[in-house]
Every structure is written in structure tokens, then in C-alpha cells.
Amino acid sequence: MKDKAKIPSRRALLHMGVGSLAGAGLLGTLERAADAAIDDRALVCIYHFGGEGGSHLPNVAELKALHRKQVLAVVRDVAPLGAKQYEALRFLPNGFATLEWAARKAGVHPLTGAGAFTFQSGMSLVSFDGREREGEQFENATLRQAMSNIEALSTNFPDTSIGRQLEDVSLLLGASRELGLRRPVFVCTAGGFTNSAHRAGLLGARYREVGQALAAFYEATIELGLERKVTTYTDGEFPLDRTACRSSRLILGGAAAEDQSFDADTYSESLVRWHGLQQA
């Protein structure tokens, strides 16, 4: 697959045959997929704090494997958004973050954070169903109970910060029907993408953690039957002293499988449209 090149949608790879499903131990998940299917699409942002990143696909085995399977797109040469760091984020009172446009659309209160839900793993959620949910914005017991009610996933997630966050996302997706989630937007965070980490040769380890977690998460969406309805992408700010730098963004899942023609200047707006909303 070539970066930014349009590829045919509905690849056979994304819809494994019965033989492949049986061989992968996934045949029994088909009925569960029908039960767990969400009515609308889900968007998952992995926000890199620090702003450092290469202009090419990181040399990570899991990412390259997803790229070869034509379910991972790379948007190169993304330019800095401007002088303001974190301008795409809204920080919630308990220290978590959500996307600013999603917070506005979901009516997340700017001071209390009401309307967003956050978890100890570091992940936050907003949904556009307009429903009031019982419990706390932080580590909501009602949401946790619904997550524990679903059949256990066979996918193993890495025991890393980003792995735990994406595991929480997969459990919420599995419980989405019970919870009535519609068009959820999740934000996960990954730290350490800094210029100093680059100089110390540590960015490779950061990307390996992200790549391993992304690979597990994509397998979980297949297990849930949601690989066409969930798009995961990376984002991040640019340091104030490096306004000329450019970086790459990764897009995994639904939108990447449907259309690879992402423009470096407008890819985020394209993802919001794919999700079914217009960016504020």
C-alpha cells in the first residue's frame, strides 16, 4: 500500500473467510459481533505528548504488518497547527483530556467536565447520545459494570499505559449496546514523544509500545465485529521552538480501509466527517 493512495474498500482481508476465522479461533465471535455492534461509528484518538515524531512510518514490526494488510494509513508531512500547544484538546478537571471539538458537540461542561467520562487507565470518553448516565465522571462504576458484563475478549493487550487504555476502549465498545453509546469519541494519551527522547534514541521504544497496542486493539475490533466502524488515529502538538517541523500521523481501521487519500492539511477534518459530525 502506498501512503495517501486510494485503495479499494472492503478488502477480503478485513472480512476473513470461515476457514480463517476457525483457524484464528474467532468463529464463535460472529454472534457476539452482531449483538455488540454499535449503531454509529467510533473515533479513537491517541494523542502524543511532546510533539516529536518522524516523517515516515516508524520501524515497528506491528505497524508495518498492519500497513501491509492495508488497514493502516500513514499521512506524511503534517505541518504544525500554529503557536499554541494542545489547541485541539480540552483538559478536564481531573487531569484527563478530550478533543475540543468533541467536547463542544457533546456539551462537556468546561469547568466540571460533566458530559465526559474518564478512567484510571488514562482514557476519556464522550458520546453523542444525549443520555444522562449515573455515577461519576471519573472511573464511573456504571460504565465499569457494563464493561465487566460482556463476554471476555480473547485478545491479549500489552501491559503498558497505552495498552491498558485501548483495552478499556475495546470493553466499552463491546458494552456499547447495553450502554446506548452512539458515535463515541475516545482519547488515549501517550507521553514521551519529546525532542530529548529523540536525541536519546528512545522514540523507537515509544513507537513500539503504541504499535503493539494498536495491533492488539485492531484484533479486538475484529473480534467484536467492529473493524469497519472504528477508526483509530494518532495526533499531537508541535513544540513551540520547532514550528518548522513536520511529522506523520497514523490512521488505523475503518477510514483507512475505505479511503487512503488523506491530505496532510485536512486529514483530521476528514476523520470527523467519517465519524458523522462536522468539526466545530
Side-chain angles (χ1 to χ4, degrees), residues 32-47 88-150 153 162 164-189 217 220-221 223-233 235 251-255 268-280:
R32 175 170 58 186
D35 291 336
I38 56 178
D39 295 330
D40 297 282
R41 296 172 170 186
L43 199 60
V44 184
C45 174
I46 300 177
Y47 199 87
L89 294 183
R90 175 181 295 184
F91 286 89
L92 303 173
N94 52 23
F96 290 71
T98 190
L99 296 171
E100 177 64 27
W101 69 266
R104 292 180 182 179
K105 291 287 186 180
V108 174
H109 194 280
L111 297 179
T112 66
F117 300 92
T118 57
F119 295 80
Q120 289 181 348
S121 63
M123 179 270 293
S124 62
L125 156 73
V126 297
S127 180
F128 300 91
D129 52 24
R131 291 177 51 178
E132 292 290 335
R133 290 188 170 80
E134 297 179 0
E136 308 79 12
Q137 272 67 52
F138 177 69
E139 196 59 27
N140 186 292
T142 301
L143 299 185
R144 275 292 181 197
Q145 183 61 50
M147 294 159 71
S148 66
N149 288 342
I150 71 169
L153 298 175
I162 188 61
R164 291 187 289 272
Q165 290 176 73
L166 287 175
E167 184 173 21
D168 274 351
V169 173
S170 69
L171 293 174
L172 280 166
L173 290 172
S176 58
R177 172 163 292 186
E178 177 182 342
L179 293 170
L181 294 181
R182 297 186 66 246
R183 289 182 291 179
V185 173
F186 303 90
V187 174
C188 303
T189 57
F217 181 63
T221 62
E223 190 176 351
L224 291 167
L226 299 175
E227 72 273 21
R228 301 287 298 192
K229 290 191 173 184
V230 179
T231 293
T232 308
Y233 73 102
D235 203 351
I251 301 173
L252 172 69
S268 59
E269 290 85 352
S270 298
L271 292 176
V272 174
R273 288 194 298 271
W274 176 90
H275 181 258
L277 294 171
Q278 293 298 317
Q279 190 163 354

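Numbers for residues simply follow the sequence, beginning at 1.
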Reported NE2-to-CG distance for the pair His109 and Leu92, which is rounded to 0.5 angstrom | 12.5 Å
Identify the heavy atoms of Val185 and Trp101 that sit nearest to each other, and give their distance.
-> CG2-CH2, 4.0 Å
Could you state the interatomic distance from CZ (Arg41) to CG (Leu226), rounded to the nearest 0.5 Å?
-> 12.5 Å
Should Thr221 and Thr232 be marked as a side-chain contact (heavy atoms from CB on, under 4.5 Å) after you check the CA-CA gap, both sets of side-chain angles, and the distance that decides it?
-> CA-CA 11 Å; Thr221 62; Thr232 308; over 6 Å; no
Shortest non-hydrogen contact from Gly174 toward Leu224 | CA-CD2, 3.9 Å
Here the gap from Glu178 atom CD to Ile150 atom CD1, rounded to the nearest 0.5 Å, amounts to 9.0 Å
Which heavy atom of Val108 sits nearest a heavy atom of Gly113, and at what distance?
-> CG1-O, 3.8 Å
Those residues at least two apart in sequence (or on a different chain) that pass salt bridge (Lys or Arg N to Asp or Glu O under 4.0 Å) with Glu139 are Arg144
How many angstroms lie between atom CZ of Phe217 and atom CD of Glu223, to the nearest 0.5 angstrom?
-> 12.0 Å
Could you go step by step and tell me if Ile46 and Leu166 meet the side-chain contact (heavy atoms from CB on, under 4.5 Å) rule?
-> CA-CA 9 Å; Ile46 300 177; Leu166 287 175; 4.1 Å; yes
Who passes ring-ring contact (aromatic ring centres under 6.0 Å, His included) against Tyr233, sequence neighbours left out?
-> none
Can you find a pair of side-chain heavy atoms, one from Leu125 and one from Leu143, that are under 4.5 Å apart?
-> yes
Could you state the interatomic distance from CG (Leu181) to OG (Ser127), rounded to the nearest 0.5 Å?
-> 4.5 Å
Answer yes or no: is there a side-chain heavy-atom contact under 4.5 Å between Leu99 and Leu89?
-> yes
Is any NZ, NE, NH1 or NH2 atom of the basic residue among Arg273 and Glu269 found under 4.0 Å from an Asp or Glu carboxylate oxygen of the other?
-> no
Nearest heavy-atom neighbours spanning Ser170 and Ala220 | CB-CB, 4.0 Å
CZ/Phe186 to CG/Leu173 distance, rounded to the nearest 0.5 angstrom?
-> 4.5 Å
Compare every heavy atom of Met147 with every heavy atom of Leu171, then report the nearest pair and how far apart it is.
-> CB-CE, 3.8 Å
Thr231 side chain vs Ala255 backbone, donor-acceptor pair below 3.5 Å | yes
Below 4.5 Å, heavy atoms only, C-beta onward: do Thr189 and Gln165 meet side chain to side chain?
-> yes
Hey, can you tell me if Phe96 and Phe138 have their rings parallel, tilted or perpendicular (30° and 60° cut-offs)?
-> tilted
Closest non-hydrogen atom pair between His275 and Phe128, with its separation = CE1-CE1, 3.9 Å
Can you give the donor-acceptor pairs under 3.5 Å from side chains of residues 114-123 to other protein atoms, not counting sequence neighbours?
from   : atom 1 : to     : atom 2 : distance (Å)
Thr118 : OG1    : Asn94  : ND2    : 2.8
Thr118 : OG1    : Gln137 : O      : 3.4
Ser121 : OG     : Asp168 : OD2    : 2.7

